[in-house]
Protein chains: 2
Amino acid sequence: MKPMGSKSRTTRTVASSRTRPGKTSRPRAASKKSEIPDDRRQVVINEAARLFGTKGYEGTSMRDIAAAVKILPGSLYHHFPSKEDLFVAVYAFAVSQSLDAVRAAIANRTDPWTRLEAACIAHTQGLLDNNSYAAVLISHLSVSHLPNQVVSLRDSYESVFKELIAELPLPQGIDRRIFRLGLLGSMSWTITWYRPGGETPATIVRKLLNIMRRE
Amino acid sequence: MKPMGSKSRTTRTVASSRTRPGKTSRPRAASKKSEIPDDRRQVVINEAARLFGTKGYEGTSMRDIAAAVKILPGSLYHHFPSKEDLFVAVYAFAVSQSLDAVRAAIANRTDPWTRLEAACIAHTQGLLDNNSYAAVLISHLSVSHLPNQVVSLRDSYESVFKELIAELPLPQGIDRRIFRLGLLGSMSWTITWYRPGGETPATIVRKLLNIMRRE
DNA sequence: TTTCGAAACAAACGATTGTTTGGTATTGAC
DNA sequence: GTCAATACCAAACAATCGTTTGTTTCGAAA
């Protein structure tokens, strides 16, 4: 119903923990794995990312998220002033994580096609990995009702691919913008047909790039 | 919330106008344009298609659809037993319309690449045309919670592209399945970045195919 | 030991969701 | 003129939505 792009911004009552001074208050030992799911706020973002990515924004209720974090629905508003703000936080986190993964993948590589392939594999693996943050990056099909904040975050992420494609030795007559958008679309769309048993994300990406590659 | 794939199917009370004997009852002159928006049921499908395609399934309420058709919400249940059934009807209509458009586009053409280009242009024009049925075809990103009926409809539509791509003289080492899925993904994704002022759908598709074309 | 603030619970708010029920015009067929 | 069917209105249903309010818990700083 509510398109989320609406510039509502009513008083925003409690404002909540917008200032994060460092590591004060309840330290919360890192849970099971090696990573740092410190901080309850980050736990909320992780679970919300999984749910938004799986069921979409409208299809995910605040109660779903609260249940996943094992707190009551109202308690979410201690961390985020609204569902839309929570989504923006989730999206920003997903962008930063994906950026890190892509940048790590292309480091130490020099060949333009190799760099692009590494970046695409990292990108697609993030998209197709379940319990991953990255699926929210493509959870909205219609940009029109998206917060501006999210649109610029997406643009900053895609600019990495813009640079990688600019380095490619492509023949004349190839539109690099369409090349980028087509490639990103192909990868995003894998989420609709990918099945864990079959081809790996890396194999899929290599075959896709093999189709678009020119020498 | 409700993933729509749930096999609920409770008694389905009134069953409603499932039998359509032909053209009995209230003839309803074709409204303004030349086409045939005869039949109130079809008007509901048209408006629902536009709304589902624009705001998604979860983002569109039965009240939205009813308001667009200018009837009360409850009256929709005279035509369709549930929101999900309405969506299936909309999807089926979109598939049949798109199939017609694509088949008409490739008729009279023999060159494999020309046939594929014509089909892709027709497909993408349907997707990007506002007030069009076709956007619902890609309104769901997660196949997992989709009615089986819809999945098989989609498969039947995509099989046309399967045949067109099978005719292409592609070099060895090109995976035709990935070729198809990548191409369809590129085209579907245009809906996220297409802007009416810029390049036409036909231009976009030609540039896309120029990238993937081999001789 | 007291104080304080972050984090949560408990319970509800009004609005909106898909849907149901029962009544009412209008129509073409008999 | 009667009849049945179609298409709709009017009004409500329980469930769920995002959100608010007031209170409680509890660790850390003072």
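Throughout, protein chains are lettered first and strands after them, A, B, ... in sequence-line order, and every chain is numbered starting at 1.
Cation-pi contact between B/Lys83 and B/Tyr57: present, with separation from the ring centre below 6.0 Å and deviation from the ring axis of at most 45°.
Residues B/Asp155 and B/Ser152 bring no donor and acceptor atom of their side chains to less than 3.5 Å of each other. Side chain to side chain, A/Thr203 and A/Thr200 meet the donor-acceptor criterion of an N or O pair below 3.5 Å.
Per the geometry, OH belonging to A/Tyr77 stands 5 Å off C1' belonging to D/dT19, to the nearest Å. As rounded to whole Å, 20 Å separates atom P of D/dA15 from atom CD of B/Glu58. Spacing between atom CD1 of B/Ile71 and atom C1' of D/dA10 amounts to 14 Å, rounded to whole angstrom units. Put simply, CZ on A/Arg41 is 10 Å from P on C/dA7, counting in whole angstrom units. For the pair A/Arg63 CZ and C/dA12 C1', the computed distance is 10 Å after rounding to whole Å. In this structure, A/Tyr57 places its OH atom 13 Å from P of D/dC17, rounding to the nearest Å. With rounding to whole Å, B/Asp64 atom CG is found 6 Å from C/dT17 atom P. Nucleotide C/dA15 holds its P atom 23 Å from the CE atom of B/Met62, rounded to whole Å.
Distances shorter than 4.0 Å separate some side-chain N or O of B/Ser75 from OP1 or OP2 on D/dC9. In this model, the phosphate group of D/dT6 is not approached by any side-chain N or O of B/Arg40 to a distance below 4.0 Å at OP1 or OP2. In this structure, A/His78 does not reach the C/dA6 phosphate: none of its side-chain N or O atoms is under 4.0 Å from OP1 or OP2.
For A/Leu72, whose side chain is taken as the heavy atoms from C-beta onward, the closest listed nucleotide among C/dG18, D/dC8, C/dC9 is C/dC9. Out of C/dG18, D/dG18, D/dT19, the shortest distance to the side chain of A/Ser61 is found at D/dG18.
Here the side chain of B/Thr124 pairs no donor or acceptor atom with the backbone of B/Ile121 at under 3.5 angstrom.
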